[in-house]
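Scope of the values below: all heavy atoms of this structure, side chains included, with no hydrogens, waters or symmetry mates.
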Amino acid sequence: MAVFTEVSNTQLDELLSHYDIGQARSLKGIASGIENSNFYLDTDKGKYVLTIFERLNKDQLPYYLELTSHLGKKGLSVSYPIPRNDGSLLSEINGKPCSIAPCLVGSYVEKPSAKACREMGEMLAKMHNAVEDFHLSQENTKGSAFWLSSMPLLKPYIPERLYEMLEEEVGRQLELQKSPEYRALPSGAVHADLFRNNALISRNNGGEESLAGVIDFYFACNAPFLYDLAVTLNDWTIDLETGEFEPERSLSMLQGYNSVRHLTEEDHKLWQDILSAAALRFWVSRLYDYYMPRPASLLTPHDPAHFERILKLRRESAPEDLPWI
């Protein structure tokens with residue numbers, strides 16, 4: 001469980017005095033996430049999630065909070081900040097910025113069904129449509145600048161063959177980002193980290209899965225919508241042991257997305273490169289967290305070899321073998 005900041009009862013009561021969500025009954029750390037401290041918060045008025053931001057400061061947070069507030073107002077089932085009594089979306093506890101959101105009903109599912117994957121594709125496309133009138137902008141904090149700054153730090157730790165692979169792929173992606181074709185891709189505010197653990201899935205009495213909502217937008221940024229789709233597909237629709245796409249689930253997600261927001265031939269031409277970019281982003285960040293960890297209660301960094309394997313697969317696949325509509 002990643003809990004970096006502990007919260008006393010006195011601190012919690014003082015925080016809740018600025019909201020109209022009732023008195024605290026319980027606060028329990030959430031056993032997921034490596035960027036923030038997250039807690040289930042129960043009050044006499046309902047269930048909420050308290051997030052304490054460990055890396056982002058109060059000047060960096062408006063983009064993320066305004067984005068989720070914007071999506072919530074569009075009727076999308078996302079974790080959005082509850083305003084304080086003074087209208088602010090941001091609070092402070094224990095000297096760190098924080099926010100409170102409604103607790104969405106649902107749970108993490110390790111291997112979502114094809115139906116849930118289709119619904120995730122539809123949701124992703126709806127989110128992309130919804131940000132057409134969202135005017136704030138934010139660079140990808142785990143994009144090319146992060147790759148370049150991380151490389152010299154990682155070089156002493158990783159084998160030479162892996163460093164050469166990293167250097168080659170970063171160079172390829174930097175050239176891609178300069179191209180007119182890349183710059184012409186439709187883009188806007190995207191989640192950029194929509195893994196299975198950032199979505200909640202509910203089950204009916206028959207066990208059928210449905211997407212309940214999307215959480216944790218704190219890597220959101222402005223990027224091509226196709227990149228956001230690639231990030232999600234690379235996590236939701238693969239064999240977790242091999243990294244290979246599972247055809248039924250990957251096609252379901254793509255069809256769901258395409259039913260709401262049409263994918264184009266221009267998207268298809270860059271698909272392999274964008275899938276590789278999505279894998280590279282998480283390979284670099286996992287390498288960084290693995291070799292340069294920071295203290296946290298019971299925190300175990302993710303294995304970087306998982307996305308090393310996925311990147312190799314995406315690069316080595318024939319384009320026609322990659323899933324598409």
Side-chain angles (χ1 to χ4, degrees), residues 1-70 72 78-104 136-142 145-146 149-150 153 189 191-193 197-198 215-221 285-286 288-302:
M1 179 173 68
V3 173
F4 302 86
T5 299
E6 302 295 337
V7 177
S8 70
N9 290 337
T10 300
Q11 290 169 331
L12 181 59
D13 289 341
E14 197 284 328
L15 174 67
L16 293 184
S17 71
H18 298 284
Y19 291 85
D20 184 24
I21 60 173
Q23 300 297 310
R25 286 181 171 171
S26 67
L27 187 72
K28 181 181 179 182
I30 297 176
S32 66
I34 61 171
E35 294 296 323
N36 302 310
S37 297
N38 295 293
F39 302 84
Y40 289 121
L41 168 64
D42 284 4
T43 78
D44 54 12
K45 288 190 176 181
K47 296 181 181 294
Y48 306 91
V49 173
L50 167 63
T51 297
I52 303 175
F53 302 102
E54 302 291 347
R55 289 191 177 182
L56 298 169
N57 62 47
K58 65 180 181 180
D59 296 323
Q60 296 170 314
L61 282 162
Y63 175 85
Y64 307 103
L65 300 180
E66 293 289 348
L67 172 59
T68 49
S69 179
H70 177 86
V78 302
S79 179
Y80 60 86
I82 296 171
R84 288 163 44 108
N85 295 332
D86 63 5
S88 173
L89 300 179
L90 189 63
S91 285
E92 184 176 297
I93 194 168
N94 209 350
K96 295 181 180 180
C98 67
S99 71
I100 299 176
C103 184
L104 300 176
L136 296 183
S137 183
Q138 166 72 43
E139 290 295 318
N140 186 350
T141 59
K142 298 296 184 183
F146 174 72
S149 66
S150 297
L153 301 175
H191 188 289
D193 189 33
N197 64 339
N198 286 331
I215 62 174
D216 200 348
F217 281 75
Y218 301 111
F219 284 110
C221 60
S285 62
R286 289 189 176 191
Y288 188 94
D289 288 340
Y290 187 84
Y291 290 111
M292 283 157 278
R294 59 201 169 103
S297 174
L298 305 180
L299 172 61
T300 302
H302 293 296

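Annotation: Tyr288, atom OH; neighbour count of heavy atoms from other residues, nucleotides and ligands within 6.0 Å does not exceed 12. For OH of Tyr218, the number of neighbouring non-hydrogen atoms (other residues, nucleotides, ligands) closer than 6.0 Å is greater than 12.
Scanning all heavy atoms of the two residues, the minimum distance from Arg84 to Leu90 falls at CD-O, 3.3 Å. Considering every non-hydrogen atom in both Thr5 and Phe39, the closest pair reads O-CZ, 3.3 Å. For Gly87 against Pro83, the heavy-atom pair with the smallest separation is O-CB, 4.0 Å. Shortest non-hydrogen contact noted between Glu92 and Cys98 is N-SG, 3.8 Å. Nearest approach of Lys58 to Pro97, heavy atoms of both residues: N-CG, 4.1 Å. Shown here for Tyr63 and Ala189, the closest heavy-atom pair between the two residues is OH-CB, 3.2 Å.
Between the side chain of Ser79 and the backbone N or O of Ala101 there is no donor-acceptor pair closer than 3.5 Å. Between the Ser150 side chain and the Phe146 main chain, a donor and an acceptor come within less than 3.5 Å of each other. The main-chain N or O of Lys96 is never found under 3.5 Å from a side-chain atom of Asn94 such that the two would form a donor-acceptor pair. A donor-acceptor contact shorter than 3.5 Å is absent between the side chain of Asn38 and the backbone of Thr51. Remark: the backbone N or O of Asn57 is paired with a side-chain donor or acceptor of Gln60 at under 3.5 angstrom. The main-chain N or O of Ile21 is found under 3.5 Å from a side-chain atom of Thr43 such that the two form a donor-acceptor pair. No donor-acceptor pair closer than 3.5 Å links the side chain of Ser69 to the backbone N or O of Leu65. The closest donor-acceptor contact from the side chain of His191 to the backbone of Ile215 lies under 3.5 Å.
Atom CD in Glu54 sits 6.5 Å away from atom CG in Asn36 (nearest 0.5 Å). Atom CG of Asp86 sits about 8.5 Å away from atom NE2 of His18, to the nearest 0.5 Å. From Ser88, atom OG reaches atom CD1 of Ile82 across 13.0 Å, with rounding to the nearest 0.5 Å. Between atom NZ of residue Lys47 and atom OG of residue Ser26 there is a gap of 7.0 Å, rounded to the nearest 0.5 Å.
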For this session: Evaluate side chain to side chain contact (heavy atoms under 4.5 Å, CB included) for Thr141 paired with Leu56, printing each intermediate quantity in order.
Result: CA-CA 11 Å; Thr141 59; Leu56 298 169; 5.8 Å; no
For this session: Apply side chain to side chain contact (heavy atoms under 4.5 Å, CB included) to the pair Phe53 and Ser99, showing each step before the final yes or no.
Result: CA-CA 8 Å; Phe53 302 102; Ser99 71; 3.6 Å; yes
For this session: Please report the C-alpha distance between Ile100 and Leu16 in whole Å, then the side-chain angles of each, then the deciding distance to 0.1 Å, and finally whether the side chain to side chain contact (heavy atoms under 4.5 Å, CB included) criterion is met.
Result: CA-CA 9 Å; Ile100 299 176; Leu16 293 184; 3.9 Å; yes
Problem set entry | Full working for side chain to side chain contact (heavy atoms under 4.5 Å, CB included) between Leu67 and Leu136 | CA-CA 8 Å; Leu67 172 59; Leu136 296 183; over 6 Å; no
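Side-chain atoms of Leu27 and Tyr40, non-hydrogen and from C-beta on, never get closer than 4.5 Å to each other. The closest side-chain heavy-atom distance from Leu15 to Leu50 is below 4.5 Å.
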